There are 2 protein chains.
Amino acid sequence: MPYTLEHKSQSRDRILTAAVDLFCRFGFDQISITRVMKQANMTHGAFYAHFKSKSELYALAIRHAAMQSLWVKEQHNISNIGHFTTLIDAYLSLAHVNQLGAPCPLAFLVTDVAHCNDAVRESYQQTFQAMLTSMSEQLTALGLTHSYSLAQQILTRLVGTVSIARTLADKDLQQSLLENSRRDLHQLLAPTAVLHK
Amino acid sequence: MPYTLEHKSQSRDRILTAAVDLFCRFGFDQISITRVMKQANMTHGAFYAHFKSKSELYALAIRHAAMQSLWVKEQHNISNIGHFTTLIDAYLSLAHVNQLGAPCPLAFLVTDVAHCNDAVRESYQQTFQAMLTSMSEQLTALGLTHSYSLAQQILTRLVGTVSIARTLADKDLQQSLLENSRRDLHQLLAPTAVLHK
DNA sequence: GTCTATATGATGATAGAC
DNA sequence: GTCTATCATCATATAGAC
């Protein structure tokens, strides 16, 4: 048997990884199946042995991106507020905006997903809810009150800042936007600010 | 002469209005020139008498959307904080998210624009800067300090909230997201909160 | 499972009549 | 300026060999 189960699973993973990278970088509609498969080192005919449509790939790519994202990977290592704000800084970094590491699908695909079918939107929504819940629990564990609404506040700010920053051609404006959000969120989470509330 | 200058200008306006509506609702790549022209009551051959490419239309549609948006149209009527928060509530309303009135291009086109050429991104950036400056000046006139960074905070939150809300299929989640952002921003702008700062 | 080849359809853009 | 007709290209998805 020339193709093992593991081989298939590896191929599938390469497709998903390529899809996340390309969809985030250029948008779903601008990326053809041929291009995704090329980046995954296969030809486009092989695609349909793994996914039933391009649309299905999108829904699964969103979940894949979420699993690879910094927030999800680090979520169980957060033991103090310092660590939490470190993740915020990473999210609001130029490296993230320029997609050097694993991109957060919430910020990189927002508008795109709004135009898609129910399966894709549900995938996005589940990712959003999972991150919201996880962040809320972390904030509670760190001793903060109103943690769910606080998490919502932080997450919308993160997504808004990064998605806008990505559109800006002016590097100074981009930098100042990111810095400003970092500063605001640090202040929001500073122990003193919380105690005085 | 069968076609007057005014007639051309009206046709152009109908095209731009249709483009804003369709691009925001379905995304740039999913909308064909044929469909835009159909909604503007013309055939697709006439398009190139007004714009040199679909891409140019996009850049101009962003500016057109900005001019029609609530914030820009109402920006000179703001005389007190109550009026300011009324606009925030309108921005964060279900009506806006469901695109019943004029959509804000900043929230409806973020991710889309990030994948486009320089001309389109510059159009978005100029709109962003204009809204930022305008909002900052309003906040200063209303007696608030750190108004530029405050405006940036408000704007990223507005855009983040609306763009995410638009992707959510769950109406309850959508509502609670919008409500939470409204409440936070009210609190941020409440006179007492400012005085105690 | 992966390849090459192909069916089928839609798109952006142009040409020429009126 | 607007129409109809057309070109050239590229997309998704399928068929069949290996």
Side-chain angles (χ1 to χ4, degrees), chain A residues 1-23 25-62 112-113 115-120, chain B residues 1-23 25-62 109 112-113 115-120 123:
Chain A
M1 193 198 268
Y3 297 109
T4 65
L5 271 180
E6 193 191 346
H7 180 236
K8 170 163 188 181
S9 150
Q10 285 176 352
S11 295
R12 185 189 151 94
D13 206 73
R14 288 209 315 280
I15 298 173
L16 283 168
T17 302
V20 168
D21 179 64
L22 292 169
F23 290 163
R25 214 175 282 280
F26 304 104
F28 179 70
D29 290 311
Q30 294 202 23
I31 292 300
S32 64
I33 291 176
T34 304
R35 182 135 176 225
V36 172
M37 295 303 280
K38 201 173 195 174
Q39 182 152 322
N41 291 315
M42 279 168 282
T43 57
H44 83 281
F47 176 80
Y48 294 91
H50 297 275
F51 307 96
K52 77 171 211 294
S53 68
K54 190 190 174 193
S55 179
E56 186 192 77
L57 170 65
Y58 199 24
L60 293 167
I62 291 170
D112 250 41
V113 170
H115 309 132
C116 289
N117 63 33
D118 285 349
V120 175
Chain B
M1 196 199 266
Y3 297 108
T4 65
L5 272 179
E6 192 192 347
H7 180 237
K8 169 159 190 183
S9 150
Q10 285 176 353
S11 294
R12 185 187 151 94
D13 205 73
R14 288 209 315 281
I15 297 173
L16 283 168
T17 301
V20 168
D21 180 64
L22 292 168
F23 291 162
R25 214 175 283 278
F26 304 105
F28 178 69
D29 290 310
Q30 294 202 24
I31 292 300
S32 64
I33 292 176
T34 304
R35 183 136 175 222
V36 172
M37 294 303 280
K38 202 174 194 174
Q39 181 152 322
N41 290 314
M42 278 169 283
T43 58
H44 81 282
F47 176 81
Y48 294 92
H50 296 275
F51 307 97
K52 77 172 210 294
S53 70
K54 191 190 175 195
S55 180
E56 186 192 76
L57 170 65
Y58 200 23
L60 293 167
I62 291 170
L109 304 173
D112 250 41
V113 169
H115 308 133
C116 289
N117 63 32
D118 285 349
V120 175
S123 180

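Values below: every heavy atom of this structure, side chains too, minus hydrogens, waters and symmetry copies. These numbers come from a predicted model, not from an experiment. Letters A, B, ... mirror the listed sequences (proteins, then strands); counts begin at 1.
For the contact set between residues 26-35 of chain B and DNA chain D, defined by any heavy atom under 4.0 Å, there are no members. Of the residues in residues 40-51 of chain A, A:Met42, A:Thr43, A:His44, A:Gly45, A:Ala46, A:Ala49, A:His50 come within less than 4.0 Å of DNA chain C through at least one heavy atom, sorted by number.
Of all heavy-atom pairs between B:Ala59 and B:Ala119, the closest is CB-O, 4.0 Å.
With sequence neighbours excluded, the residues that form a side chain to side chain contact (heavy atoms under 4.5 Å, CB included) with A:Ala18 are A:Val36, A:Gln39, A:Ala40. Partners of A:Arg35 under the salt bridge (Lys or Arg N to Asp or Glu O under 4.0 Å) rule, at least two apart in sequence or in another chain, do not exist in this structure. Applying the side chain to side chain contact (heavy atoms under 4.5 Å, CB included) test to B:Thr34 and every residue at least two apart in sequence or in another chain returns B:Ser32, B:His44. B:Gln10 meets the side chain to side chain donor-acceptor pair (under 3.5 Å) test with B:Glu6; sequence neighbours excluded. With sequence neighbours excluded, the residues satisfying salt bridge (Lys or Arg N to Asp or Glu O under 4.0 Å) with B:Arg25 are B:Asp21.
Put simply, chain B comes within 4.0 Å of DNA chain C, heavy atom to any atom, from C:dT11 to C:dT14, going 5' to 3'.
Here CD1 of A:Ile33 is found 12.0 Å from OG1 of A:Thr43. Values are rounded to the nearest 0.5 Å.
Judged by distance alone, with hydrogens and angles left aside, the side-chain atoms of A:Thr17 form a donor-acceptor pair with the main-chain N or O of A:Asp13 at under 3.5 Å.
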After noting the C-alpha distance and the side-chain angles of B:Phe47 and B:Met42, does the key distance pass the side-chain contact (heavy atoms from CB on, under 4.5 Å) rule?
-> CA-CA 8 Å; B:Phe47 176 81; B:Met42 278 169 283; over 6 Å; no
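Listed by first and then second residue, the side-chain hydrogen bond (donor to acceptor under 3.5 Å, both in side chains) pairs involving residues 48-58 of chain A are A:Ser55-A:Asn117, A:Tyr58-A:Asp112 (not counting sequence neighbours).
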